[in-house]
Engineer: 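After the structure tokens below, expect a handful of questions from me.
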2 protein chains.
Amino acid sequence: MKIQQEEPLSKECIQQLRAIKDTMELLSGKWKIQIMGTLLRGGTMRFMELKRTLNGIAPKKLSNDLQELELNKLITRTVKDTKPITVEYSLTEHGKTLDNLIVEIIDWGLNHRKEIIKK
Amino acid sequence: MKIQQEEPLSKECIQQLRAIKDTMELLSGKWKIQIMGTLLRGGTMRFMELKRTLNGIAPKKLSNDLQELELNKLITRTVKDTKPITVEYSLTEHGKTLDNLIVEIIDWGLNHRKEIIKK
DNA sequence: TTTAATAGTTTCCTAAAGGAAATTAGTATC
DNA sequence: GATACTAATTTCCTTTAGGAAACTATTAAA
């Protein structure tokens, strides 16, 4: 039996696996990337606008996810003193850097659907 | 009070939200993208190699995720009749199309870590 | 014969995610 | 005064994700 000699992982490789972990911890789940994608296309949006666009999301879930995204500096939350009050959400500059990633997610998803249907 | 008149979502927009859903359903979770990223760099790998590389994954989780990825045609599983038997996993052509997406995930994760540390 | 490696499976458990429905509180329209 | 819209919060519940530990079965080395 051959003894399996594996080289230890390179520093770069370990960093890359950590980067994947970091990104996925922020964005995993059913709704977060849909929220970010919606804000990326729609610009500034109100709570109810988001809720209607993200067909099917429960208000609690939307509220929770928005809070998490705000904590991670990806969106800002602004209360307007209209009557009744409205609350506006928009992407931070840092949040906008997700653009390329979201485009890739969309492109891959569209292509994957084609792949699956093809067979 | 102003009646809120929102245009219905464009067909394209609905398709894009669906594409995000599709992609995230396949790849959400703690380990799947790490598995795909590892196979993308490492080429063909055996079960125990993957387990060692993905530091901390439970064998049940690895086994389950590999099965799901195989069902979705992203990887292939090949049993070799070596003694003891070994099982090799590698990416399908379709699986390899995740390359760009994974690169974006890594890039964004690296940049995000810099952003957070900066402050 | 004991130990260890191969690739898992099984069982049991906890934690996290997510949904449904009701509620809150201020304002505005009918 | 009743109803509805704003943006949530609260409570309750179910489902899914994920981890720890033990176990299986084959083979090979010490």
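Per chain, numbering begins at 1; letters A, B, ... match sequence-line order. Excluded from the calculations below are hydrogen atoms, water molecules and symmetry mates; all remaining heavy atoms, backbone and side chain alike, are included. Remember, predicted model here, so these are calculated numbers, not experimental data.
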Engineer: Rounded to whole angstroms, how far apart are CG on Leu54(B) and P on dG18(D)?
Structural biologist: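 In whole Å, dG18(D) P lies 13 Å from Leu54(B) CG.
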Engineer: Check for a donor-acceptor pair, side chain of Thr92(B) on one end and backbone N or O of Leu74(B) on the other, with a separation under 3.5 Å.
Structural biologist: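 It does hold such a pair.
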Engineer: From CD of Glu25(A) over to P of dG18(D), roughly how many Å is that when rounded to an integer?
Structural biologist: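 Going from Glu25(A) (CD) to dG18(D) (P), I get 11 Å.
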Engineer: Do any pairs count as a side-chain hydrogen bond (donor to acceptor under 3.5 Å, both in side chains) and have a residue in residues 99-113 of chain A, sequence neighbours left out, and if so which ones?
Structural biologist: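 Passing the test, one end in residues 99-113 of chain A: Trp108(A)-Thr97(B), His112(A)-His94(B), Arg113(A)-Asp22(B).
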Engineer: Could you state the CE-P distance from Met24(A) to dA17(C), rounded to the nearest angstrom?
Structural biologist: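 After rounding, the gap between these two atoms is 13 Å.
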Engineer: With sequence neighbours excluded, tell me which residues meet side-chain contact (heavy atoms from CB on, under 4.5 Å) with Lys32(B).
Structural biologist: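 Per chain and number, Lys32(B) pairs via side-chain contact (heavy atoms from CB on, under 4.5 Å) with Asp65(B), Glu68(B), Leu69(B).
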Engineer: Does Arg46(A) put a side-chain nitrogen or oxygen below 4.0 Å from OP1 or OP2 of dC5(D)?
Structural biologist: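 Indeed not, no polar side-chain atom of Arg46(A) lies that close.
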Engineer: Just call it for Gln67(A): base, sugar-phosphate, or nothing, with non-hydrogen atoms closer than 4.0 Å on any strand.
Structural biologist: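 The answer is sugar-phosphate, as Gln67(A) gets under 4.0 Å only of primed atoms, P, OP1 or OP2.
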Engineer: Leu62(A) CG to dA17(C) C1': how many Å, rounded?
Structural biologist: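 Atom CG in Leu62(A) sits about 15 Å away from atom C1' in dA17(C).
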Engineer: Using the rule that two of Ile, Leu, Val, Met, Phe, Trp, Tyr join whenever any of their side-chain heavy atoms come within less than 4.5 Å, decide whether Met24(A) and Leu71(A) are in one cluster.
Structural biologist: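 Different clusters.
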Engineer: Can you tell me if Thr53(A) uses its side chain to pair, donor with acceptor, with the backbone of Glu49(A) under 3.5 Å?
Structural biologist: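 At least one qualifying donor-acceptor pair exists.
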Engineer: Please round to the nearest 0.5 Å and tell me the distance separating atom NZ of Lys51(A) and atom CE of Met45(A).
Structural biologist: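 These two atoms lie 13.0 Å from each other.
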Engineer: Measure from NZ on Lys51(B) to C1' on dG19(D) and round the result to the nearest Å.
Structural biologist: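 Interatomic distance, NZ of Lys51(B) to C1' of dG19(D): 12 Å.
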Engineer: Just the rounded figure in Å: distance from C1' of dT6(D) to CD of Glu49(A).
Structural biologist: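 My rounded result for the distance is 13 Å.
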Engineer: For dA7(D) and Arg52(A) - does any side-chain N or O of the residue sit under 4.0 Å from the phosphate oxygens OP1/OP2?
Structural biologist: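 False: Arg52(A) side-chain N/O out of range (4.0 Å or more) of dA7(D) OP1/OP2.
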Engineer: Using whole Å, report how far CG of Asp65(B) lies from C1' of dA7(C).
Structural biologist: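 Taking CG of Asp65(B) and C1' of dA7(C), I get 16 Å after rounding.
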Engineer: Please answer whether the main-chain N or O of Gly109(B) pairs with a side-chain N or O of Thr23(A) as donor and acceptor at a distance below 3.5 Å.
Structural biologist: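 Judged by distance alone, yes, a pair lies under 3.5 Å.
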Engineer: Tabulate atom names and distances for all N/O pairs under 3.5 angstrom spanning the protein and nucleotides 19-24 of chain C.
Structural biologist:
residue : atom : partner  : partner atom : Å
dG19(C) : OP1  : Lys30(A) : NZ           : 2.6
dG19(C) : OP2  : Trp31(A) : NE1          : 3.1
dG19(C) : O6   : Lys60(A) : NZ           : 2.4

Engineer: Determine: side-chain N/O of Ser63(B) to OP1/OP2 of dT9(C), distance under 4.0 Å, yes or no.
Structural biologist: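 Checking Ser63(B) against dT9(C): at least one side-chain N or O falls below 4.0 Å of OP1 or OP2.
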Engineer: May I have the distance from Asn64(B) (atom CG) to dC12(C) (atom P), rounded to whole angstrom?
Structural biologist: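 Whole-Å distance recorded here is 17 Å.
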